[in-house]
Every structure is written in structure tokens, then in C-alpha cells.
Amino acid sequence: MTTATSVDPKAVVAYYRTASTGELIQRADALCRSVHGDKVWLRGLVEFSNFCGMDCQYCGIRHSNSKVERYRLTPEQIIDLTVQGHEAGLRTFVLQGGEDPWFTADRVAQLLDSIKTRTKGEVAITLSLGIRPRETFRLWKNAGADRYLMRFETSDPDLHARLRCGVSLERRLEALDDLRDLGWEVGSGFMVGLPGETEETRIRNALLCYEKHFDMVGIGPFIPHPETPLAQAPQQPLELALRATALVRLLLPLANMPATTAAGSLDKQGREKMMAAGANVLMPNITPEDVKKNYLLYPNKICLDESGFECINCLDIRTHLVQKTIDYARGDSPSWRSGQSE
Ligand code: SAH
Ligand code: SF4
């Protein structure tokens, strides 16, 4: 059905439909360990701005939520965080934010250049800033960015357009294709448990990840935020996200997959459970404590009171609980590396 080098997606989905969660997870875990060993890559996450021009119905920092205290780190603050992270041994940073027009194409390009210089070219930079024009993606790649994260959120086109205020799934996928064409290491993924989603949607989500052969796939439970139009949506159990993680791992053995903060926020052991279902990445949040409480995409987010650097010790312990070991190296996705040598 799946080995490290060959995948039969139909057989994987047929298996998924009938397998118990325990069995599915065990199989995904075994495959993950056979490809990635027991390693879990660390990525320092910087949530640099919660200004957003978009109004996604699921998101706590959507433009219309007037209760959010907005903040924007300065480029100097972002550079300092990456320098501090580099000194602490981190070799990958994820710079994430809302679709904030202050961060123009040129400002981000300058920022990338400064980070690369100040960290001696030793770090990989992942951007997660939403949809931008192809030419902007080209500029940023040339300025030294390595990877881009942009979840497609749901593969159901109607649900996508409804939840993302008219932005089509097609446009999101076009932007992901642009990144791929331009040589980025491409990450995407989806939320699990959105209102209107079905089991078939989740299977199509996973198959879309397979078809697009994403190098990284982030999967997290949807957690309803009280100040959004989806406030009354039911909270679906973490198990659905664990099953989706295992399914994507079986379809994409080489992909890097984070044990997401949303999973850890819904369940105290959520990240351990994700790591035991095929995830191989953790993202300590090194955003300064005074602002990270304002980057609330969903409620009850964990690790808000401590520095991300302190979090690394906690993550180390959690990783050992599932017989894995954290690794500070860049951790390029093996699928992207093999594509580069083609
Ligand atoms: N603005 C960028 C990056 C920030 S949002 C973008 O939208 O791509 C990062 C991710 O947070 C989104 O892709 C979405 O999957 C997730 N997210 C948003 N609201 C959420 C919620 N209520 N519960 C769980 N995850 C959520
Ligand atoms: Fe903005 Fe991203 Fe939230 Fe949508 S999900 S409102 S684009 S931060």
C-alpha cells in the first residue's frame, strides 16, 4: 500500500476508511520513523503582525474583529529575534502574519536580506504571509527566502469561498503553484472540523496534498473563536485531526509535518499525539510575550506566558515521551531535496 518510495493513493484511502484510529496511527507512525527516523525538527515561529486585511470567518484576528489589540513588530525586532534564535541553535525560522499591507514586497525583501546576513547564511527562512502576486514571490525567493507556508484550508470550493470571503480555492492553489514553479519548498495543509466539512472533504483534502506533492503539510483542528461568525460552531474531537495526519503521512511519506499548536491547545497531549501519528516538526513560538497573546487565531492557545526559548525544554520532554528526539538542523524536506536534484 505504502512504502517510503511508492504510494498507491486509492489503496491508502480504502485502508483509511476501514481502519481503526489506533491501527491507522500505528501504521503512519511506523512509516514516519522508517523515513525520518526519530527526529523532530525545530522551527522558531515569529508571529510578527496581527494586522490583516482579510476577513476569514474562522480566524480570531480577522479584519472585522475590533476587539483585537493590533501589533506589528519592527523589522529590527524580527531580525533580533532570529539572531537570538540563531545563537540558541535554531536553524529555521517561520515568519508568520496576517495579510498586512505595511509589509510591502520591498520591506520583506530587505528583511530577508538582513536576516540572512546577520545569521551568516546558516538559517532557512519560511514565510507565511498569505496570497501575494507571483512577482512578489519571485522577489522574496531571490532575496533568500527558502520556504512558504500557505494552507488551502479546505478542498471544498464552495466552503472555501464562503469561509474566505469570496477568495476562491482556485486562487489559493494558483498561488501555491506559483511558489512551486519558482523553486520554493512549498507547505500547505488544512483545518479539520470546519462547519460544513464532511469525511469526504477530509479525504479530498488529503488527496489534494498528495496531488500537489507538498513538501510540508500542516494540519490542525479548527477551534471556534468567540468573536467570529463561527463562534457557535461545534468543536470536533482531536481524533479527526489525528486521523487526517495519519492519512496524509501514508500518502506523503517524505513530507515534513508539524505537530501543530492548535492540536496542543485543544488537548494537553495534542502535540504528542500528532507526533505519534506521523508528525515530525515542532514550532516553538519565539514571538515576544508582550504581544503573542494578541495573535489569537483561536481561543485557549498554549505557551502564551513563557518565552519560546523556555518552551524548547518542555518540547524536548514531550518529544521523548513519544520516543523521538528534537533536532536543531535546518531539516529541509526530503521531497523538495529530491526534486532539486532531478
Ligand atoms: N495569514 C496567513 C497566515 C496566518 S493564519 C494565512 O492565512 O495563510 C495561519 C493559519 O491559522 C491558517 O492557515 C488557518 O489554517 C489557521 N487558523 C485560523 N483560524 C483558526 C482557528 N479558529 N482554529 C484553528 N486554526 C485556525
Ligand atoms: Fe488573515 Fe490569515 Fe486570519 Fe485569514 S487566516 S484573517 S488571512 S490571518
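Not measured: the values here are computed from a predicted model. These values consider heavy atoms only, across backbone and side chains, with no hydrogens, waters or symmetry-generated copies. Atoms within each ligand, like the ligands themselves, are counted from 1 in listed order.
Checking only distances, E99 never comes within under 3.5 Å of ligand 1, N or O to N or O. Residue-to-ligand polar distances keep H225 apart from ligand 1: every N/O pair is separated by 3.5 Å or more. Where the criterion is an N or O separation shorter than 3.5 Å, residue side chain and backbone included, P224 fails it with respect to ligand 1. Considering backbone and side-chain atoms alike, E153 places an N or O below 3.5 Å from some N or O of ligand 1. Checking only distances, L149 never comes within under 3.5 Å of ligand 1, N or O to N or O. Between Y58 and ligand 1, at least one N/O pair is under 3.5 Å apart.
For atom 11 (O) of ligand 1, the nearest protein heavy atom (residue, atom name, distance) is L297 CD1, 3.3 Å. Ranking the protein heavy atoms by distance from atom 4 (Fe) of ligand 2 puts C56 SG, 2.4 Å first.
Note on C52: counted as a metal contact of atom 1 (Fe) of ligand 2, an N/O/S atom lying under 2.8 Å.
Taking a distance limit of 4.0 Å, we find that atom 2 (Fe) of ligand 2 is approached by no protein heavy atom.
Residue contacts with ligand 1: P221 is included, with a non-hydrogen atom under 4.0 Å away. Heavy atoms of Y148 come nearer than 4.0 angstrom to ligand 1 in no pair at all.
Between the side chains of D215 and S335, a donor-acceptor pair is found at a separation under 3.5 Å.
Both the sub-6.0 Å distance and the 45° axial angle are not jointly satisfied by R91 relative to the ring of Y328.
With respect to K116 and D146, a salt bridge is recorded, a charged nitrogen being found less than 4.0 Å from a carboxylate O.
Heavy atoms from other residues, nucleotides or ligands lying under 6.0 Å from CD of Q232 number 12 at most.
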message = Using side-chain hydrogen bond (donor to acceptor under 3.5 Å, both in side chains), reason through Y295 and Q96 one step at a time and then give a plain yes or no.
response = CA-CA 10 Å; Y295 197 87; Q96 191 185 78; 2.8 Å; yes
